[in-house]
Amino acid sequence: MNFSFLQRIGRIYSANRLAWQLVLAVFASGLVVSVAMSLFLLKQEYDRSLLQAKIDLQTLGQSVTQQLASNLWLVNTDAIHGQLNSLLQTRVVKHVLLTENDGQQYGAGASLNSKDNVVSESFPVIYLHPLTNKEVVLGELKISTTLAEVESRLYLQFLRFLIVQGLGMAAASIFFLILYHRLIARHLSHVSDYTRHFNYQQLSEPLKLSRITQQNDEMQTLVDAINEMRRNIRRGHEEREEAQRALYLEKELAEVTLISITDAILTTDSDFKIKLINPAAEALTGWEVADARGREVADLLCLGGDLTPDELHKVLLRARDLLKPQNGQKAMLLNREGAKLNVEYAVAPISDQDGQVVGLVLVLHDVTKSQALTEKLAYQAEHDYLTGLTNRRGFENALNEAHQQVKNGGDPQVLMLLDLDQFKLVNDTCGHLAGDELLRHVTSLLQGLMLPSRSILGRLGGDEFGVLLSQTSDDEAQVLAERILHALAQFRFVWQERPHGVTVSIGLVKLDQRCATPQEAMSKADVACFAAKDAGRNQLSWYSSDDQNLQERHNEIQLLVTLKEAIEQNRFQLYAQPIMPMDQSRQEAHHLEILLRLIDSSGRVIPPGAFIPAAERYDMMAQVDKWVVENSIQYLAERMKKGEDLPHLAINLSGKSLNKQTLAFILQQLDRTQVPAESISFEITETAAISNLKESSIFIETLRTRGCKFALDDFGSGFSSFNYLKTLPVDFLKIDGSLVTDIAEDKVSRQMVIAVNGIAHSLGIRTIAEFVETEAILAELDEIGVDYAQGYFFGKPQPLL
C-alpha cells in the first residue's frame, strides 16, 4: 500500500515537471537571461532533487522499518530479503543494507561508487514489544541512492534552456512559478506535510485540499488515493486490535481453564520438552513449573514405578507421528517426593494451521484412591469382613474350581464343613461383640492348623466354616479334623471374666468323579456335619454313600417336622428392635424391625440363625414368611381396635417369598384386617431382589401402590445392586452392618457409607444404618447424614407385646 502511494506521487510529480519544462522551452528568450535563469533554476532543481531524494528515502525508510522489525524479531529471513528487494523496485533506492546489533547484515542492490554523489539515510530498526510495550532496538537500516541521473538530466535541461528559452525565460518562468505554486506546489506541500506527520492518531482525519471548487484532476486523484490508503490502514488497524483482544481473551480463558482442571496437564514442544504444567500437575508430580520447564517429560514421570522412559517415549512418538491421541494408558509412578501414584494418562498432539505437530498435551488422572477402593471392594466381595477369611462366595468359587479339576482327571480332594456347637449360646448371652471376638479367635486357631499351600479355609456364614484340602489323602484329612476337634475342645474363650467352651462338629466328604456338582458336595458335607451333631457334637463324620438316603431322609424329616410344628403350634414368637430416626425432632410413627425366634418344646428361645438356614435349604421360608406377615399384621389390627398408635413395622422377606402367591396372601391380610398399608414396610436383600428381577419388581410395585414401603437390606456389602436401583423402587436402603461397625476407625468404610448414603439420597431413598453399637458410630452416621440407625446402642431385640 505505501509503495503504491509513493510511486503514484513520483509519477504525478514527474508529469507536471515535464510539462513545466516544455512550457519554459516555448518561452525561451535571450541567451544571457536564459543562461543566468537556467543556472539559477537548475541549481534550484538540483537542490530540490537532492531534498526530494532525501525525503523519499526518509519516507521509504520510515514506511518499512516497523515491518522489518517484526520480521527481524521473528527471524523471518525470507520476508526480510523480500522487503529489501522490494525497496529496489522504486526509482529512488539503489542500495539497501540492514545491519543487526550482532553484526549480521542483509543487503540488496549493487554497491555504489562514492564518485556518483551518493545520498544515504539511516534508520534505527525498533520493535515495540506487544506485551511489555517497550521498544527494542534490533539494528539499523541504511538506504542509499545517487544523484548521477539527476546531474545528467540537469545538464541536458541546461542545454535545452540555452537553445529554446532565451530572453523571455525570466517572465515566463515567473508566471509559470506563480501558476505552479497556485495549482500544484502548495497542494503538494500540504500533501507532504500530511504524509510526513501521518500516524494512527490522524487515521480519522481525511486529507483535504484548500481549493474553492472541487476539481477532478490529478491532484484530486492523489488526495483520493491517500484517503483510500488511510481508510484501509484504519480498517486494518481496527481488525488487528480486535484480533489482539480476541487472542488475549482466548489466552486468559485457556489459562483459567488449565488452572481449574483437577487432572494433571503437561504441555510439551515437538521434542517432548516441558513447556507448561498446571497446578494439578505440580501437586501430582512434585515439580514446580519453573523447575519443570525445558526438561524432558521422562524427567518428571519416570522417576520410578513401572513406566520406563522407553515406553513413555514410544507413546509420545505414536501420538506425534500418527497425529492420533493415545488414550487409556495406565501406570504406577513415583513422584518427586517418592510417593506411589496409580494414574491413567492420555497423550494428544497439538498441530498448527498447516497440520504440523508443534507439541503434545499429556493428561494424567490420579486413580490411586479409586483403585485402592476397587481392590478393597473386590477383596470384600470374596472375603469375610469379620475374620478376613474367604467368604461363602469365594469358597464356592474355589470349590467349583476344585470340582472341575477332579472332573478333568485330577486327584481327589476333601471338603470339610465345620459348625461351632456353642457359638449361638455365646452370641445370645454375651452379645454380637462377644460372638464376633469368638469367631476371630477360632479363625486364628484354625489358620494355625491348616496344611500350608494345600488348604483353603473360609467362613461360610454365622458359625459355619469350610476347609478345602488338595493333594491330601483321607488319612491326612482325618488327622487334620481330629486336630481341629482337639484344639477347639482345649480352647477357652473368656468374655467379661467368664470362660466359655467351644466345640465343633465336622463333616467331611471326598471330592471325586462320583460327585456330580459342587452343590452336591456341599450338601453331602452338610449331611455329614448334621450326623456329627446328631452323634453328640464335638465329633467328625465322613459322608458315606451307603447311608446317604437314610441320613438325608432322617435330617429332612427332622427339620420339616420341627419347622411345621413351630408353624402349626404357633411356637414362633415375634421380636422387635427399634429403628431410630437420627433427627429426634421428626414427628413420625415408632419404627420397629420384626425379628423371629423359635420356642422349642422345652421353652428355650432359639435364634433365627439356627433354623432359618434349614428353612431356606428345604424351601420352607415362604411358609415362615407368611406366618410372620400374618401375625405382624394381626398385631397392628389388635392395636388399631384398642385405639392405640400404630408403629411402623419392617418385615423381612426371603427371596422365595417374592412371588404371586405371597403377594396375594399379603393383600388378603390387609383387606381382612383393614390395617393401613402405610404402617408396613418389607425388607428384602439385594440378592433376593435381583435373583428374579421381573417378579420382584411386580411384587414391589403392587404393594407400593397399595401404600407399603420397601427397604433393600444389607446394601453395600458387595455393591452389586447399584445397577438395579433404577429398576427397584424402594423407599429405604439398609446399609450393611459390616460397613457400619468400623466406620469410626476405617476411613474406607466411612467413604463407602458416604457413597451409599449419597446415592440413596440422590434417588430420593432414605437410609438405615445397622449394627450401631457405640456412640462414636452414631456420631459418624449423624455427620454423614444417615436418616435412621438400628443396633444394640438403642436396645437389643425384645418380644413384641
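Because only heavy atoms are used, hydrogens play no part in the values below, and waters and symmetry mates are left out as well, while side chains stay in.
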- Search all heavy atoms of Ala477 against all heavy atoms of Leu469 and return the closest pair with its distance. CB-CD1, 3.8 Å
- Can you tell me how far CD1 of Ile579 sits from CD1 of Ile768, rounded to the nearest 0.5 angstrom? 4.5 Å
- Query: Taking Asn408 for the side chain and Gln404 for the main chain, is one N or O donor matched with an acceptor at less than 3.5 Å?
  - Reply: yes
- Message: Determine whether a donor-acceptor pair (N or O, by modelled atom type, separation under 3.5 Å) exists between the side chain of Arg492 and the backbone of Ala489.
- Response: yes
- Which value, rounded to the nearest 0.5 Å, describes the distance between Leu399 atom CG and Leu511 atom CG? 6.0 Å
- Item | Distance in Å, Ile599 CD1 paired with Phe572 CZ, rounded so as to fall on 0.5 Å steps | 10.0 Å
- Item | CG-CZ distance between Leu451 and Arg483, expressed to the nearest 0.5 angstrom | 7.0 Å
- Task: Tell me, yes or no, whether the heavy-atom count around Asp411 atom CG, taken from other residues, nucleotides or ligands under 6.0 Å, exceeds 12.
- Result: no
- Item | side chain to side chain contact (heavy atoms under 4.5 Å, CB included) evaluation trace for Val504 with Leu485 | CA-CA 6 Å; Val504 64; Leu485 288 173; 3.6 Å; yes
- Do the side chains of Thr662 and Leu658 get nearer than 4.5 Å, heavy atoms only? no
- Has the side chain of Ser657 got a donor or acceptor atom that lies under 3.5 Å from a matching backbone atom of Gly655? no
- Report the C-alpha separation of Tyr792 and Leu433 in whole Å, then their side-chain angles, then the decisive distance to 0.1 Å, and conclude whether the side chain to side chain contact (heavy atoms under 4.5 Å, CB included) test is met. CA-CA 10 Å; Tyr792 280 6; Leu433 292 178; over 6 Å; no
- Query: Where do His761 and Gly785 come nearest, in terms of heavy atoms and distance?
  - Reply: CE1-O, 3.1 Å
- Message: For the backbone of Ser473 and the side chain of Glu476, can you confirm whether one donor and one acceptor N or O come within less than 3.5 Å of each other?
- Response: yes
- Message: So for atom CD, which belongs to Gln569, do other residues, nucleotides or ligands contribute more than 12 heavy atoms lying within a distance under 6.0 Å?
- Response: yes
- Query: What distance do Ser654 atom OG and Met620 atom CE have between them, rounded to the nearest 0.5 Å?
  - Reply: 12.0 Å
- Message: I need the minimum non-hydrogen distance between Ser505 and Ala532, along with the two atoms involved.
- Response: CB-CB, 4.0 Å
- With side chains defined as the heavy atoms from C-beta onward, is the minimum distance between Ser632 and Trp627 less than 4.5 Å? no
- Beyond-backbone contact of Val629 with Phe682, side-chain heavy atoms, under 4.5 angstrom: yes
- Item | Non-hydrogen side-chain atoms of Phe793 and Ile777 separated by less than 4.5 Å | no
- Result of checking Gln798, Gln790, Lys796 against Gln577 for side chain to side chain donor-acceptor pair (under 3.5 Å): Gln790
- Message: Quick check against the 3.5 Å criterion: does Arg392 have a side-chain atom that pairs as donor or acceptor with the backbone of Leu460?
- Response: yes
- Any chance NZ of Lys533 has more than 12 other-residue heavy atoms, nucleotides or ligands included, within less than 6.0 Å? yes
- Residues Leu653, Phe699; criterion side chain to side chain contact (heavy atoms under 4.5 Å, CB included); working and verdict: CA-CA 12 Å; Leu653 292 179; Phe699 186 94; 3.8 Å; yes
- Query: Which distance, rounded to the nearest 0.5 Å, do you find between the CD1 of Ile633 and the OH of Tyr635?
  - Reply: 14.0 Å
- Task: Give the minimum heavy-atom separation between Phe423 and Leu420, together with the two atoms involved.
- Result: CB-CB, 3.9 Å
- CD of Gln471: more than 12 outside heavy atoms within 6.0 angstrom? no
- Report yes if some heavy atom in the side chain of Gln496 is under 4.5 Å from a heavy atom in the side chain of Cys430; otherwise report no. no
- Can you tell me if His486 and Glu482 form a side-chain donor-acceptor pair at under 3.5 Å? no
- Query: Nearest heavy-atom pair of Ile784 and Asn757: which atoms, and what distance?
  - Reply: O-ND2, 3.6 Å
- Is it true that Arg440 and Glu437 have a side-chain N and a carboxylate O under 4.0 angstrom from each other? yes
- Query: Do Val740 and Glu770 come close enough that some side-chain heavy atom pair is under 4.5 Å?
  - Reply: no
- Message: Less than 4.0 angstrom from a charged side-chain N to a carboxylate O is my criterion; do Asp731 and Lys709 meet it?
- Response: no
- Correct closest heavy-atom pair for Ile680 and Ile651 would be CG2-CD1, 4.0 Å
- Ignoring hydrogens and angles, tell me if any N or O in the side chain of Asn400 forms a donor-acceptor pair with the backbone of Glu396 under 3.5 Å. yes
- Message: For a 4.5 angstrom cut-off between non-hydrogen side-chain atoms, does Leu540 reach Met416?
- Response: no
- Do Val442 and Arg459 have side-chain heavy atoms sitting under 4.5 Å apart? no
- Message: Strictly distance-based, threshold 3.5 Å: is any side-chain N or O of Thr443 a donor or acceptor partner for the main-chain N or O of Leu439?
- Response: yes
- Test Leu389 against Phe395 for side chain to side chain contact (heavy atoms under 4.5 Å, CB included), laying out the working first. CA-CA 9 Å; Leu389 298 177; Phe395 191 82; over 6 Å; no
- Message: Can a donor-acceptor pair be found, under 3.5 Å and without considering hydrogens, that links the side chain of Asp787 to the backbone of Thr767?
- Response: yes
- Donor-acceptor pair, side chain of Asp713 and main chain of Ile684, under 3.5 angstrom: no
- Task: May I have the step-by-step check of side-chain hydrogen bond (donor to acceptor under 3.5 Å, both in side chains) for His591 and Tyr788, ending in yes or no?
- Result: CA-CA 9 Å; His591 204 148; Tyr788 299 88; 5.0 Å; no
